[in-house]
Every structure is written in structure tokens, then in C-alpha cells.
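For reference, the structure is listed below as C-alpha cells.
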Amino acid sequence: MAKISKDMTIGELIRLDQNIPAILMRSGMHCVGCPSSQSETLEEAAMVHGMDANVLEQQINDFLAGQN
């Protein structure tokens with residue numbers, strides 16, 4: 001099972017699973033397609049958007065766990 005961490009970049013997350021951007025966008029992070037976001041970590045992007053990186057990390061890991 002794949003598992004992510006909040007220190008992974010947005011680009012790494014997108015390469016891991018093409019469904020992850022939809023999770024981020026539903027959370028209000030609409031800039032996941034922006035070239036500059038590709039090198040930001042999930043934690044950095046969450047901070048910029050006033051989100052809790054731990055919650056996003058858990059949501060993505062729950063999604064990935066459900067894929068198996």
C-alpha cells in the first residue's frame with residue numbers, strides 16, 4: 001500500500017496517484033496544477049492555504065488505503 005507524508009511535494013503526490021489532485025481541490029487547494037506548486041511540500045501548500053497538513057495527509061492516506 002502506498003502511503004504519503006506531508007513532506008512530499010505536490011508533484012510527487014500527483015505522480016503517485018492521479019486522483020490526489022481531486023482530494024486537494026475538494027479541500028480548497030485549487031492551485032495544484034500551478035507549476036510553482038509542484039515543488040512545494042504538502043505541508044507548505046497547506047500552510048499557504050490555511051489548512052491543516054495533518055488532516056490532508058490523513059485524507060490522502062485513507063484514500064490510498066481504500067484502493068487496495
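One is the number of the first residue; the rest follow in order along the sequence.
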Those residues that, when tested against Gln58, pass side-chain contact (heavy atoms from CB on, under 4.5 Å) (two or more places apart): Asp62

Counterpart residues, side-chain contact (heavy atoms from CB on, under 4.5 Å), relative to Met25 (two or more places apart): His30, Val32

Going by heavy atoms in the side chains, are [X] and [Y] under 4.5 Å from each other?
{"X": "Gln67", "Y": "Phe63", "value": "yes"}
{"X": "Leu42", "Y": "Met8", "value": "no"}
{"X": "Val48", "Y": "Glu40", "value": "yes"}
{"X": "Leu56", "Y": "Ile23", "value": "no"}

Ile20 side, atom CD1; Ile4 side, atom CD1 - distance, nearest 0.5 Å: 6.5 Å

Of the non-hydrogen atoms in [X] and [Y], which two are nearest, and what is the gap between them?
{"X": "Gly28", "Y": "Met51", "answer": "C-CE, 3.4 Å"}
{"X": "Gln59", "Y": "Ser27", "answer": "OE1-OG, 3.5 Å"}
{"X": "Ser5", "Y": "Glu57", "answer": "CA-OE2, 3.1 Å"}

Residue that, paired with Lys6, satisfies side-chain contact (heavy atoms from CB on, under 4.5 Å) out of Thr41, Asp52, Asn54: Asn54

Under 3.5 Å donor-acceptor, Gln18 side chain and Ile14 backbone: yes

Contacts of Asn19 that satisfy side-chain hydrogen bond (donor to acceptor under 3.5 Å, both in side chains) - sequence neighbours left out: Asp17

